[in-house]
Protein chains: 2
Amino acid sequence: MDRNSDIVPFHETASCAHHAKGDECRFCNVRRLSICAAVDAEELSFLEDLSGDTVFEEKSALFREEDEAISVYNVTSGVVRLVRSLPDGRRQITGFAMAGDFLGLSLNTSWSFSAEAVTDVRACRFKRSTFEDFSDRKPHLMKRMHEFATHELSLAQDHMVLLGRLTAEEKLATFLLELKRRWTRVEGHEIGLIKLPMGRQDIADYLGLTIETVSRTINQMHRDRRLVIVPDGIRFVDPAYFEAHALR
Amino acid sequence: MDRNSDIVPFHETASCAHHAKGDECRFCNVRRLSICAAVDAEELSFLEDLSGDTVFEEKSALFREEDEAISVYNVTSGVVRLVRSLPDGRRQITGFAMAGDFLGLSLNTSWSFSAEAVTDVRACRFKRSTFEDFSDRKPHLMKRMHEFATHELSLAQDHMVLLGRLTAEEKLATFLLELKRRWTRVEGHEIGLIKLPMGRQDIADYLGLTIETVSRTINQMHRDRRLVIVPDGIRFVDPAYFEAHALR
DNA sequence: CCCGAGGTTTGATTTGTATCAATGCCAGAG
DNA sequence: CTCTGGCATTGATACAAATCAAACCTCGGG
């Protein structure tokens, strides 16, 4: 049975209710984190005309592997899982996209992965072809996209080491520490609670483990007083333990 | 004992002996495969002035993880392994670079991986800062680099699926098929013999396995009449078997 | 307040791959 | 021709994680 059968096609919403039209980008709280930080005020207002705010509800798909890439997206809130599936149902999650992350860096007309909303998600949407034309005329934007791509590539290489060479315990320690860093970056300040919006199955598919091994390993860490489990997340009790067992 | 202790620093050689200075790029046999295909005749001669042909002998390092990235490279012949190492000696090979592949796409001043010559290697070398200045002024070159980067990213995602979700048999089938495709691309025509210049340990470190499992799996395939083992490589006997077991 | 569904935890058992330990097989040096 | 060192192969055994199988929350709906 396909575990993804509950993923429904996305439903596009009307434009953002919280900003007057014409102010979205200037007041965007993820601009500093995103592609758009490379864009000056004048370009920003032009870019804004190309963009549309979209909302995806929990468990809906932003797009699927086999879809044509009509749009590209800048995630502004929520968490998205990036999934590659095998014909027999095995899944690998190659990453989680959060506020500031860009989907569609390659500007290819075909996606090579699915993007599914783990939580409710807001994203700034651009028509792919239009965005490509724009970036073709703005070398500094292209360069910023290239920097994003090579950064992603470096993260992908880290993840290959994790998948190929770490133990279950090391995988979880690395994952939790990385998640802490990403929330800190998004929130703009140190956080205590590490929110885990994704389910155990998603964590398993990200780390190349089974759900049972993820559950056992986290609960073992709890029993060993390395962390406490709280609603919707965990909290480090022994941060040094995670630093010592994680990859970089 | 560190398995890499035999990797010695590279020895730089004088410029290419086979071409008169001023003709390297025009007659370059990997141009069509490389970054340089995006460069027109005039730019090519300019680029050529920036470049120097280098030779690295088998087992030497082009650069190491911890080195500062002074140069970037365009591989013109031979095979390079890209390695990430853990402090305790565990290794993950994130890829093999062959003719046409570019090392230094990120243009960062620090490498995040080592590059080691598996065979004798020739590469076209550029000063990183100079190359960056050049690409900053040539949007189509930057775009080509970006395309290379996002293609790499897609390959990296494939490899994550392999590492996280495939069995040893599937990993080997995928690896051999992928290698066949890459040799075909480099040679410019279909090939029968799939050369395996890298040792079993390198294959293991690429696939997230041990050397024993690689050896057992290949020899099992041989016993099952899926392939024949020949000096320096293998030959498919049952190509359909590999197609059926490989990832895409 | 109870029920049911979806997700999580826990336990028992199996298994694929790692580990440990020889042995085999060249190719190059002497 | 024989020795030697560096892989590669093969076999026996161990073990980490997968698989199979319940039981257990918890939260929203009736």
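Because only heavy atoms are used, hydrogens play no part in the values below, and waters and symmetry mates are left out as well, while side chains stay in. Residue numbering restarts at 1 for every chain, and letters A, B, ... go by the order of the sequence lines.
- The distance from atom CD of E58(B) to atom P of dG6(D) is 14 Å, rounded to the nearest whole Å.
- Taking only side-chain nitrogens and oxygens, N219(B) comes nearer than 4.0 Å to OP1 or OP2 of dT10(D).
- Using a cutoff of 4.0 Å between basic side-chain nitrogens and carboxylate oxygens, R225(B) and D238(B) are not scored as salt-bridged.
- Counting to the nearest Å, the P atom of dT23(C) and the CD atom of E212(B) are 16 Å from each other.
- Summarising the geometry, the separation between CG on D232(B) and C1' on dA8(D) is reported as 14 Å, rounded to the nearest angstrom.
- In this structure, the CG atom of D205(A) is 12 Å from the P atom of dT8(C), given to the nearest Å.
- Set against dA18(C), dG11(C), dT10(D), the side chain of T210(B) has dA18(C) as its closest nucleotide.
- Relative ring orientation between W111(A) and F113(A) is described as perpendicular, the plane-to-plane angle rising above 60° on a 0-90° scale split at 30° and 60°.
- In this structure, CG of L162(A) is placed 12 Å from P of dA17(D), rounded to the nearest angstrom.
- An OP1 or OP2 oxygen of dA16(D) is reached within less than 4.0 angstrom by no side-chain nitrogen or oxygen of K171(A).
- Interface remark: the R200(B) side chain does not form any donor-acceptor pair with the dG6(D) base, using a distance-only criterion of under 3.5 Å.
- Considering only side-chain N and O atoms, S215(B) lies under 4.0 angstrom from the phosphate OP1 or OP2 of dT9(D).
- At dA18(C), one or more side-chain N or O atoms of T213(B) fall inside 4.0 Å of OP1 or OP2 (strictly under the cut-off).
- The side chain of T167(A) has dA17(D) as its nearest neighbour among dA17(D), dG11(D), dG7(C).
- Between P231(A) and G208(A), the residue whose closest nucleotide on DNA chain D is further toward the 5' end is G208(A).
- Using a cut-off of 4.0 Å between Lys/Arg side-chain N and Asp/Glu carboxylate O, E212(B) and R200(B) are scored as not salt-bridged.
- Rounding to whole angstrom units, CD of residue Q201(A) and P of dA18(D) are separated by 11 Å.
- Between R226(A) and E169(A) there is no salt bridge, since no side-chain N of the basic residue sits under 4.0 Å from a carboxylate O of the acidic one.
- Atom C1' of nucleotide dA8(D) and atom CD1 of I234(B) are separated by 16 Å, given to the nearest angstrom.
- Checked against dA18(C), dA17(D), dT8(C), the side chain of I211(A) finds its nearest nucleotide in dT8(C).
- No hydrogens or angles were tested; on distance alone, a donor-acceptor pair under 3.5 Å links the side chain of R216(A) to the base of dT19(D).
- How far NE2 of H151(B) is from CG of L153(B): 11.0 Å, rounded to the nearest 0.5 Å.
- If you measure from atom CG of L166(A) to atom C1' of dA16(D), you get 14 Å, rounded to the nearest angstrom.
- With dT17(C), dA21(C), dA17(D) as the choices, the nucleotide that has an atom nearest any side-chain atom of L209(B) turns out to be dT17(C).
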